[in-house]
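Being a predicted model, the structure only gives us computed values, none of them experimental. Quick note on labels: first sequence line is chain A, next is B, and so on, each numbered from 1.
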Amino acid sequence: MLDKTFDPQAAESRWYDEWEDSGAFQPKDDPDAKTFCIVIPPPNVTGSLHIGHALNNTLQDSLVRYQRMLGKRVLWQPGTDHAGIATQMVVERQLAAEGNISRRDMGREAFIERVWKWKGQSGGSILRQLRRLGASCDWSRERFTLDEGLSAAVLKVFVELHEQGLIYRDKRLVNWDPHFQTAISDLEVENKEIDGHFWHFAYPLADGSTYEFPIAHDEDGKPTEWETRDYILVATTRPETMLGDTGVAVHPDDERYKDLVGKKVRLPIADVEIPIVTDEHADPEQGAGAVKITPAHDFNDFMVGQRAGLASINLFDPEARFLSEATAEADDKGLARIPEDFRGLDRFEARKKIVARMDELGCLKAVEDKKIMQPFGDRSGVVVEPYLTDQWFVDAETLAKPAIEAVETGKTKFVPKNWEKTYFEWMRNIEPWCISRQLWWGHRIPAWYDENGNIFVAETEAAAQAQAKEKHGKDVALTQDEDVLDTWFSSALWPFSTLGWPEETDELKAFYPTTVLITAFDIIFFWVARMMMQGIHFMDGEIPFHDVFIHRLVVDANGQKMSKSKGNVTDPLDIVDRYGADALRFALVSGAAQNANIRVSEDRFESARNFTTKLWNAARFGQMNGFAPDPDFNPADAKQAVNRWIIGESIKAGREVARNLENYRFNDAANTAYRFAWNVYCDWFLELAKPILNGEDEAAIAETRAAGAWALDQILRILHPFMPFVTEELWNKTAGEAGRGTLLISADWPDFGDDLIDEAAAADLNWLIDLVTEIRSVRAGLNVPPAATAPLIFVGADQAAQDRAKRLSEPLRRLARVTELEFADAAPEKSVQAVVGGSTFALRLEDLVDLDAERARLAKELEKWDAEITRFEKKLGNEKFVANAPEAVVAGEREKLAEAQAQKDKLEAAQARLDG
RNA sequence: GGGCGCGUAGCUCAGUGGGAGAGCACUACGUUGACAUCGUAGGGGUCGCUGGUUCAAUCCCAGCCGCGCCCA
């Protein structure tokens, strides 16, 4: 006998191990079976499971389990990425905490060894946590982006792209993280609005000349007042960069400065002359319309500088301090502009001193408060600095073209489709991708330099040496590039590198292109776009996945994004501990509507947990009543209407769940299964089965036991993708003597023909359900004591109705608390009447009836139907409607009107009868 | 500023060119019952606002208002 409630704790680890030991997580060994493949979005090796992972992986697991039950050869490929910055950060912090030497003192090799040691001990704990969710990944194939095979793939890709001219080295402005002292990509920069200032500086004209500048305007915008100026006013949010200015730009159409273009201003403090140029970038509306140009420290200015031929002068060292000495990287021009007492100052300190000095010089004209967008490193949290350095770049624009086309032509589909726009928007405006990082943890760039700075790119040092020898005619000393690649560079290869590429493995042939990628929208740029580019490029134009399903975020009960600082984080493992993994999964999946964030709250987890209990108790009831799977039971041979009905309903529910899953409508799939299990099987079937089970018809009892068990089996199957543990537990505990022969995880998805759907039985049962519901409603409306019973009289029922009533008399009597069924031409005295489907029935409740309450009830009913009738009549009275609407619609309305009319007539008759 | 999305019951969300739905919450009643982690019944909505298209609009179109996210 089943316990009173399900104990998730005990069941979860037991079944997870059984599943894994059974080999169910691995693709089945059947080369003829259709394949289904998902690669996991690899979590950071440093990561720990948060609710977003829980959602993402539950969705994947639900699909994977469903597809497995369909009999496909299913691979869910798991693994982690090495998370360059994050991992290095973790280990450096550890070193610091232990009071150990820094990584630089330690040296590259020793440091990397240390990181590997950390990875071995505590890396990838997130994958262990995924198991607690029930994730049925093929762990035997677990991969890590720094694995040998994946690293070989990275080298090959780098070298080939370089040969094709799609990877190149260039000196460009990059986003520089002064904390980690590395370049980062645009996507790793978080722009935040902060309170800043707008400083207005006067740069004096170099030749000492003056001009008239308008300071007041009339309604038409014509100047009415002027002042004489011997300077040009520029405004900046970053005063410390002024020493690097190499020009001042005004808009080409700006009349105010027309005569100044081509002249020079004297840059205060630095005391150098810089030209006044024109550029569209200058906004006449902003400040006084002139803008200082610092090509080495601002992305817009860099482009202006290129257009106007202005020099780029770097002021900072890698820690974002003013230069204090000449370096190989920064030329001396920057240093020369920095006064002695400013050298070596941190950028924020430098800002204060520059402003103060400008004030002393009389060049600070105004300071405004201003909201400004400031870039922060998403890992370090420090202000990111645009910085001019030599880096490696991918020509993303070229690689993006076929990746855009693949989505345009529908080879790869986004679900929901709207995300295509986001993808296109980014891909069509893509910038060169900076892939080098000044870190140690990662794939070291396979480029070597000779002492003249010639570059040799090759998969191995030996090959690079050979290239060098060919060039120089002799062996020369080479040094390898110190930098590593962006982690996303290797993640971009994930869909094929994990399958063994560049080897031509069986897995690659079988599973590439993968079926679907499931991820959150914030990762479309980072990862989806890059996988598309690399996959198509290296897999002979073949896309990495057919579908991309984008799910929304998990947010708290108030719709707020979860964050540690807000303290509104839900820990998925805490939920698993308290409610069970199935409840967590079900709450997430059933809330995963497309285009809506998934709100989670204690209520939802509770309600999902209650559902597992309900399911459990339904099975328990079955067990107590002798339900057991019967190998000889043929659903087609069922005789009882109730059984024929529940068999048909099971099949319909299974099909609907499947259809929803195929369309990534996870919430609809889960809720369909929920409603079938609870509101159909438990609420009606089991209730309807009770009179049969308590009766004396042995054949009917045996059939109902078998059919009830059969339908429960279908419920377990269709719920398994969402709630694997409780369904597996029940599958095994309800196995009966015959046993199951297979775990539920490996069982078949329900697949039955239409011949098992008996519409006549469905009509019977729907009639019964309507009737019972109406009787209950009438009784409740009249405050009839629940325990009271009464005879039910069918008024003026035809033969078919009488037959049906007799056929279903047992369940009707039990569910509606009816003592006996009678047939009559008119409702008897002291009875309550109601109309269902155009037929009148009466309950002879004798003195239990409050006649006034009954009058009120009937009047209210009538009112409702009158309103309906008015609406239909109005519609049908509209000639244009009758003329223009499709015939079927008009006929439908006529039918509805007739039904409503019949209902009303019967109710009026009932009313008349009541008043005698 | 550009893009995307949302606005339907107290809350969270489905939904469809032709009779407004679910879950939760709420109210009343209920322990013969597998289940009180439950059952039965009930109340509750001018489908954001304003126009347009249409015989017919919550749904399609335009504008507006409000909210959220992404990008600049």
Side-chain angles (χ1 to χ4, degrees), chain A residues 1-2 4-6 186-187 189-191 299-300 373 416 418-426 429 521-522 524-525 552-553 555 557-561 579 583 587 590-625 627 665 667-668 670-672 674-675 678-679 682-683 686-687 689-690 694 772-787 814-817 867-868 871-872 874-886 888-890 892-893 895-897 899-900:
Chain A
M1 176 64 61
L2 289 169
K4 201 164 180 186
T5 54
F6 173 55
D186 301 352
L187 295 174
V189 175
E190 224 176 299
N191 289 297
F299 287 99
N300 286 314
M373 293 300 283
N418 299 324
W419 293 110
E420 286 179 2
K421 289 191 183 172
T422 305
Y423 172 85
F424 287 141
E425 180 67 18
W426 191 69
N429 298 297
F521 67 87
D522 53 353
I524 292 177
F525 308 135
R552 303 296 287 251
L553 297 179
V555 295
N558 300 315
Q560 295 291 307
K561 215 165 155 172
Y579 297 102
S590 64
Q594 295 184 359
N595 282 330
N597 284 341
I598 295 101
R599 298 202 191 203
V600 295
S601 58
E602 291 295 314
D603 277 357
R604 283 190 172 267
F605 297 126
E606 243 178 70
S607 127
R609 188 269 324 267
N610 293 353
F611 180 42
T612 62
T613 307
K614 185 71 181 179
L615 186 65
W616 185 264
N617 276 301
R620 187 158 173 264
F621 171 82
Q623 207 177 47
M624 292 168 81
N625 285 276
F627 286 22
R665 303 189 64 96
N667 60 324
D668 291 330
N671 292 328
T672 298
Y674 175 98
R675 275 196 296 273
W678 198 317
N679 303 117
C682 293
D683 287 351
L686 291 184
E687 293 305 321
K690 282 173 185 173
N694 296 332
V772 169
T773 304
E774 180 66 15
I775 293 172
R776 284 170 172 171
S777 176
V778 167
R779 294 174 55 119
L782 295 174
N783 291 320
V784 176
R814 165 134 182 171
L815 269 56
R817 295 196 166 273
E868 294 281 289
R871 215 181 58 235
F872 295 136
K874 194 175 162 197
K875 203 164 193 182
L876 287 161
N878 181 348
E879 283 174 30
K880 286 183 179 171
F881 170 71
V882 180
N884 291 317
V889 173
V890 179
E893 296 293 308
E895 201 175 313
K896 284 184 242 168
L897 174 61
E899 274 169 26

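Regarding contacts with the backbone of B:rC4, a side-chain N or O of A:K421 is found under 4.0 angstrom from either OP1 or OP2. Contact between the side-chain N/O atoms of A:N418 and the OP1/OP2 oxygens of B:rC4 is not found at any separation under 4.0 Å. One finds no side-chain N or O of A:K874 lying less than 4.0 angstrom from the OP1 or OP2 phosphate oxygen of B:rA56. The side chain of A:R604 places no N or O atom within less than 4.0 Å of a non-bridging phosphate oxygen (OP1 or OP2) of B:rU12. At the phosphate of B:rA72, OP1 or OP2 sits under 4.0 Å from a side-chain N or O atom of A:N191. OP1 or OP2 of B:rG42 lies within a sub-4.0 Å distance of a side-chain N or O belonging to A:S777. The side chain of A:W678 places no N or O atom within less than 4.0 Å of a non-bridging phosphate oxygen (OP1 or OP2) of B:rA22. Taking only side-chain nitrogens and oxygens, A:N884 comes nearer than 4.0 Å to OP1 or OP2 of B:rC55. In this model, the phosphate group of B:rG23 is not approached by any side-chain N or O of A:R599 to a distance below 4.0 Å at OP1 or OP2. For the pair A:N783 and B:rA28, the criterion of a side-chain N or O lying under 4.0 Å from OP1 or OP2 is not met.
The NZ-P distance, from A:K880 to B:rA56, rounds to 7 Å in whole Å.
Here, B:rG19 and B:rA62 have their C1' atoms 29 Å apart, quoted to the whole Å. Taking atom P in both B:rC26 and B:rG15, the straight-line distance is 27 Å, to the nearest Å. Separating the C1' atom of B:rG23 from that of B:rU37 is a span of 16 Å, rounded to the nearest Å. Using atom C1' as the reference point in both B:rG21 and B:rC29, the two lie 25 Å apart (nearest Å).
Remark: the A:R609 side chain and the B:rU37 base include a donor-acceptor N/O pair separated by less than 3.5 Å. Between the side chain of A:E893 and the base of B:rA56 there is no donor-acceptor pair of N/O atoms closer than 3.5 Å.
Pairing analysis of RNA chain B (Watson-Crick: purine N1 to pyrimidine N3 plus N6-O4 or O6-N4; G-U wobble: N1-O2 and O6-N3; both under 3.5 Å) yields stems of 3 or more pairs at B:1-7 with B:65-71, B:10-13 with B:21-24, B:26-30 with B:38-42, B:48-52 with B:60-64.
Between A:W426 and A:F525, the ring planes lie tilted relative to each other; the angle falls in the 30° to 60° range. Ring orientation note: the planes of A:W419 and A:F521 are close to parallel, at an angle under 30° on the 30°/60° scale.
Here the closest non-hydrogen pair linking A:E687 and A:L815 is O-CD1, 3.6 Å.
In the set B:rC13, B:rC55, B:rG19, B:rC55 carries the atom at the smallest distance from any side-chain atom of A:F881.
Here the side chain of A:S777 pairs no donor or acceptor atom with the backbone of A:T773 at under 3.5 angstrom.
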Intermediate values then yes/no, side chain to side chain donor-acceptor pair (under 3.5 Å), A:N667 and A:N671:
CA-CA 6 Å; A:N667 60 324; A:N671 292 328; 5.9 Å; no
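Because its NZ or CZ atom is not both nearer than 6.0 Å to the ring centre of A:Y674 and within 45° of the ring axis, A:K614 does not count as a cation-pi partner of that residue.
Across all strands shown, A:P886 has heavy atoms under 4.0 Å from base atoms, whether or not it also approaches the sugar-phosphate. Among the protein residues, A:K4 comes within range of the sugar-phosphate backbone only, with heavy atoms under 4.0 Å from sugar or phosphate atoms but none that close to a base.
The pair A:R871-A:E868 meets the salt-bridge criterion, since a charged nitrogen lies less than 4.0 angstrom from a carboxylate oxygen.
Expressed to the nearest 0.5 Å, how far CZ of A:R604 lies from OG of A:S590 amounts to 6.0 Å.
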